[in-house]
Amino acid sequence: MPPVLRHTIDYGLVILGAFFVALAFNLFLLPNNIASGGVAGVSTITKGVFGWEPGVVQWILNIPLFIMGVVILGKNFGFKSFVGTVTLPLFVLLTNEMAPATPNPLLGAIFGGMGVGLGLGIVFRGRASTGGIDLAAQVLHKFSHLPLGISVALLDGMIVLTSAIVFSLEEGLYALIGLFATSRTIDFVQVGLNTSKNVMIITEDVNEVREAIFKQIDRGVTVLSGAGGYTDRERRVVMCVVQQNEFIKLTQTVKMVDPGAFVVAMNATEVLGEGFKTS
């Protein structure tokens, strides 16, 4: 794909994703006082306490956080991330007069979280971000040496805890539901439903198992070198990646060749190469 077209698509994805996040925020989360983490969660709290306009609060927080990330972390976050940082609060302002989609906080948490996850997943597809708490978490990670995942969870947890104090414990629990829905939806947008299986086969009949997989499943394999943990005897391991609907046939094929084979299967959510996704 030509670089110009690739960049155009990326910017389009960033803007589209920011729009979806803003819609989910104004239709589901804000009307139900659901502060499910991030700068949007902070703006929900300040709206409830001080009546401040969420879009303005997000601008006030996002832009300095972006600058701080560039200065302190010394990374090139890229202009696309800056576009996401600026356009998200803009869309929040432009859609703030829309009528709430539901007064039910549970539905608001679920569908608001899914909407935010959809939008963020699209932004990530555009190889960018919307800044905010993620940048603050990276700064915390740099100076505290806490794992990045813990840093993000800590900051989001503080926002959810504050919402439980400011609004109610029940609304804080709804915020947790929203956070979970967001994270699961981001995963879905990133990797989809096409979960494959990475299968490791420990067998004495490596050549026979390999040939059976070639003929019966029409999948390639990789033969790895290993050693028994108890005996320290050299063993060879057959690794094969198959689609979900091929897994049962694979295990049956292996057991027909070697009933004593040891088979371990793991989910593989992103597989690139011949027979799977190519990019």
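Atoms considered below: every heavy atom in the structure, side chains included; atoms not considered: hydrogens, waters and symmetry mates. Position 1 is the first residue of the sequence, and the numbers go up from there.
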Minimum side-chain heavy-atom gap [X]-[Y] below 4.5 Å:
X      : Y      : result
Tyr11  : Phe79  : yes
Phe188 : Arg184 : no
Leu23  : Met98  : yes
Pro54  : Asn96  : no
Phe19  : Thr95  : yes
Phe214 : Val221 : yes
Leu120 : Thr182 : yes

List the atom pairs, with distances to 0.1 Å, where a side-chain N or O of residues 99-117 and a protein N or O form a donor-acceptor pair under 3.5 Å, not counting sequence neighbours.
{"residue": "Thr102", "atom": "OG1", "partner": "Asn104", "partner atom": "N", "Å": "3.0"}
{"residue": "Asn104", "atom": "OD1", "partner": "Leu106", "partner atom": "N", "Å": "2.9"}
{"residue": "Asn104", "atom": "OD1", "partner": "Leu107", "partner atom": "N", "Å": "3.2"}

Under 3.5 Å, side-chain donor or acceptor atoms of residues 58-68 against the rest of the protein: list the pairs with distances, not counting sequence neighbours.
{"residue": "Gln58", "atom": "NE2", "partner": "Ser43", "partner atom": "OG", "Å": "3.1"}
{"residue": "Trp59", "atom": "NE1", "partner": "Val86", "partner atom": "O", "Å": "3.1"}
{"residue": "Asn62", "atom": "OD1", "partner": "Gly132", "partner atom": "N", "Å": "3.2"}

Examine distances only and state if a side-chain atom of [X] and a backbone atom of [Y] form a donor-acceptor pair shorter than 3.5 Å.
X     : Y     : value
Asn33 : Thr44 : no
Asn32 : Phe28 : yes
Lys47 : Val57 : no

Query raised in the report: How is the hydrophobic cluster of Ile165 composed, in terms of its other members, when Ile, Leu, Val, Met, Phe, Trp and Tyr link through side-chain heavy atoms under 4.5 Å apart, directly or indirectly?
Result: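 Reading the cluster by chain and number, Ile165 sits alongside Leu161.
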
Requested in this report: Could you work out the complete set of other residues in the hydrophobic cluster of Ile202, with links drawn between I, L, V, M, F, W and Y side chains under 4.5 Å apart?
Outcome: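 Other cluster members: Met200, Leu224, Val237, Met239, Phe262, Val264, Met266.
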
Which atoms form the tightest heavy-atom contact between [X] and [Y], and what is the distance?
X      : Y      : value
Thr203 : Ala261 : CB-CB, 4.1 Å
Arg219 : Cys240 : CB-SG, 3.8 Å
Phe167 : Ile45  : CZ-CA, 4.0 Å
Ala175 : Ile34  : CA-CG2, 3.7 Å
Gly119 : Phe20  : CA-CB, 3.9 Å
Asp232 : Ala227 : OD1-CB, 4.2 Å

Do [X] and [Y] share a hydrophobic cluster, counting only Ile, Leu, Val, Met, Phe, Trp and Tyr and linking them when any side-chain heavy atoms are less than 4.5 Å apart?
X      : Y      : answer
Ile177 : Leu173 : no
Leu94  : Val92  : yes
Val123 : Leu179 : no
Leu88  : Val56  : yes
Phe25  : Phe180 : no

Which distance, rounded to the nearest 0.5 Å, do you find between the [atom1] of [X] and the [atom2] of [Y]?
X      : Y      : atom1 : atom2 : result
Leu146 : Leu154 : CG    : CG    : 7.0 Å
Thr130 : Phe82  : OG1   : CZ    : 13.5 Å
Asp258 : Asp205 : CG    : CG    : 4.5 Å
Glu53  : Leu93  : CD    : CG    : 5.0 Å
Ile122 : Leu118 : CD1   : CG    : 4.0 Å
Thr231 : Glu234 : OG1   : CD    : 11.0 Å

Query raised in the report: Does a sphere of radius 6.0 Å around CZ in Phe247 hold more than 12 heavy atoms from other residues, nucleotides or ligands, not counting ones at 6.0 Å or beyond?
Result: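 Yes, because the 6.0 Å sphere around CZ of Phe247 holds more than 12 heavy atoms from other groups.
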
**Report entry** More than 12 heavy atoms of other groups within 6.0 Å of Glu211 CD
**Finding:**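 Above 12, so yes.
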
**Report entry** All salt bridge (charged side-chain N to carboxylate O under 4.0 Å, His left out) counterparts of Asp10, not counting sequence neighbours
**Finding:**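 Once residues adjacent in sequence are excluded, the partners of Asp10 under the salt bridge (charged side-chain N to carboxylate O under 4.0 Å, His left out) criterion are Arg6, Lys80, Arg127.
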
Query - Under the salt bridge (charged side-chain N to carboxylate O under 4.0 Å, His left out) test, residues paired with Arg236 that sit two or more places apart - result: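 By the salt bridge (charged side-chain N to carboxylate O under 4.0 Å, His left out) rule, Arg236 matches no residue at all.
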
**Report entry** side-chain contact (heavy atoms from CB on, under 4.5 Å), paired with Ile213, selected from Val238, Val242, Val199
**Finding:**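 With Ile213 as partner, side-chain contact (heavy atoms from CB on, under 4.5 Å) holds for just one option, Val238.
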
